[in-house]
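Scroll down for the structure; my scribbles are underneath it.
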Amino acid sequence: MTTRAQSAGAKPPLYKIVMLGDSGVGKTSLVARLTNPDRPLNHDISATMGIEFDTQMLDTEHGKVKAQIWDTAGQERFARVLLPTYFRKAKGVILVYDITNAKSFESLSERWMTQLNDHASSDDLAKLLVGNKSDLEASREVPREKAEQFCLEYGMEMLETSAKSGDNVLQAFEKLIGIVHNKALEATSKNRGGIKAINGTNEGFKLDGSKDNQASDSSACGC
Ligand code: G3D
Ligand code: MG
């Protein structure tokens, strides 16, 4: 189903989402698999020494949306200074661990959830847990049940993916962006007393509730 605004040719809403997780879990490979499927594991490592983002159009049950996906090195010495910028106006986060690396899973509760809570307003933020490298089943160190327990504890859903084979990669990004978009639609209709807010023209308000006179990519995500 598409909203009238979208079918009338309005720009699709843009949402910032961020990748979090230890270095080496496959964050950059997941983004590359989504945005550049022909060369998914062939990326320039130096590109993630700072912050970078890619944009990708994704389908949701309420029409197309644009995801601006931020990726950074999982190294604390970079992350610490960059975190406020990284989280600013983010609407969703993909928490990634490597199913063959128990330490990368422990880091989620020991480190990444704390950083999320310190830097992002968690009411606002949709979260998805992703266990990557599912093609390496023989080397698995993190049982799926353990990850499911984590999801129960922190109130999120999970998927296991393989950036190498492509398994579940699009599904993971679509799942998160679907949750983000639904939250935005709900918030808009609550704020403005009805669904007319999202069915109007593309003037006025963006789906994140702020005023939008120039619906440019950078103004929409505040980056
Ligand atoms: P990061 O961005 O989280 O630091 P990267 O992780 O995307 O740089 O990936 C780290 C390494 O894991 C890379 O290997 C990459 O090819 C590999 N990798 C990423 N995803 C998968 C996956 O799903 N399956 C397998 N088998 N490997 C994966 P190198 O050797 O380049 O360091
Ligand atoms: Mg990387």
Side-chain angles (χ1 to χ4, degrees), residues 16-56 58 67-88 90 92-116 119-120 125 127-144 146-148 150-151 154 156-177 223:
K16 174 178 174 181
I17 68 176
V18 298
M19 307 295 290
L20 271 193
D22 280 2
S23 198
V25 296
K27 301 179 298 298
T28 303
S29 302
L30 286 165
V31 178
R33 165 62 77 175
L34 180 78
T35 58
N36 186 15
D38 297 334
R39 298 171 64 231
L41 296 187
N42 186 6
H43 53 263
D44 175 7
I45 296 290
S46 67
T48 52
M49 296 308 269
I51 294 177
E52 59 175 2
F53 62 78
D54 263 312
T55 52
Q56 179 71 29
L58 291 168
Q68 187 178 63
I69 307 156
W70 288 51
D71 181 23
T72 188
Q75 296 166 44
E76 203 163 77
R77 69 199 158 100
F78 296 107
R80 199 171 279 159
V81 271
L82 297 175
L83 277 170
T85 313
Y86 200 58
F87 286 119
R88 193 167 160 265
V93 57
I94 296 193
L95 287 148
V96 188
Y97 67 96
D98 170 354
I99 68 153
T100 72
N101 179 346
K103 178 76 191 61
S104 74
F105 181 73
E106 282 151 27
S107 286
L108 296 178
S109 41
E110 285 169 9
R111 177 168 158 201
W112 298 112
M113 285 308 290
T114 314
Q115 294 203 340
L116 250 191
H119 293 279
L125 207 62
K127 304 180 200 79
L128 182 73
L129 180 65
V130 162
N132 189 42
K133 307 198 187 179
S134 62
D135 55 290
L136 300 177
E137 183 60 41
S139 315
R140 180 188 283 273
E141 285 185 6
V142 184
R144 203 187 155 95
K146 223 170 159 181
E148 284 168 354
F150 179 93
C151 288
Y154 290 101
M156 62 181 91
E157 293 185 59
M158 73 160 291
L159 276 178
E160 289 190 346
T161 59
S162 169
K164 189 173 184 182
S165 73
D167 193 37
N168 266 347
V169 175
L170 177 63
Q171 288 86 336
F173 285 100
E174 283 186 345
K175 186 180 263 291
L176 179 73
I177 211 73
C223 37

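Indexing begins at 1, ligand by ligand and atom by atom, following the structure's order.
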Working for side chain to side chain contact (heavy atoms under 4.5 Å, CB included), residues Asp22 and Arg111: CA-CA 9 Å; Asp22 280 2; Arg111 177 168 158 201; 3.9 Å; yes

Ser104-Asp98 side chain donor-acceptor pair, cut-off 3.5 Å: no

Residue part near ligand 1, for Asp135, under 4.0 Å between non-hydrogen atoms: side chain

Nearest option to atom 17 (C) of ligand 1, as decided by whichever heavy atom of Met19, Lys133, Glu160 sits closest: Lys133

Shortest heavy-atom approach to atom 10 (C) of ligand 1 - which of Ser162, Gly24, Ser104: Gly24

Atoms of ligand 1, numbered as shown, that sit under 4.0 Å from any heavy atom of Leu136: 26 (N)

Any Asp22 heavy atom less than 4.0 Å to ligand 1: yes

Per-atom contacts of ligand 1 with Ala163, taking only distances under 4.0 Å to non-hydrogen atoms: 20 (N), 22 (C), 23 (O)

Spatial distance of atom CH2 (Trp70) from atom CD1 (Ile94) [nearest 0.5 Å]: 15.5 Å

Residues Val93, Leu125; criterion side chain to side chain contact (heavy atoms under 4.5 Å, CB included); working and verdict: CA-CA 7 Å; Val93 57; Leu125 207 62; 3.9 Å; yes

Contact partition for Thr161 relative to ligand 1, non-hydrogen atoms under 4.0 Å: neither

Thr28 near the Mg ion (ligand 2): N/O/S under 2.8 Å: yes

Any side-chain heavy-atom pair of Tyr97 and Ser107 under 4.5 Å: no

Partners meeting side-chain hydrogen bond (donor to acceptor under 3.5 Å, both in side chains) with Glu157 (sequence neighbours left out): Lys175

Distance-only N or O hit between ligand 1 and Ser29, under 3.5 Å: yes

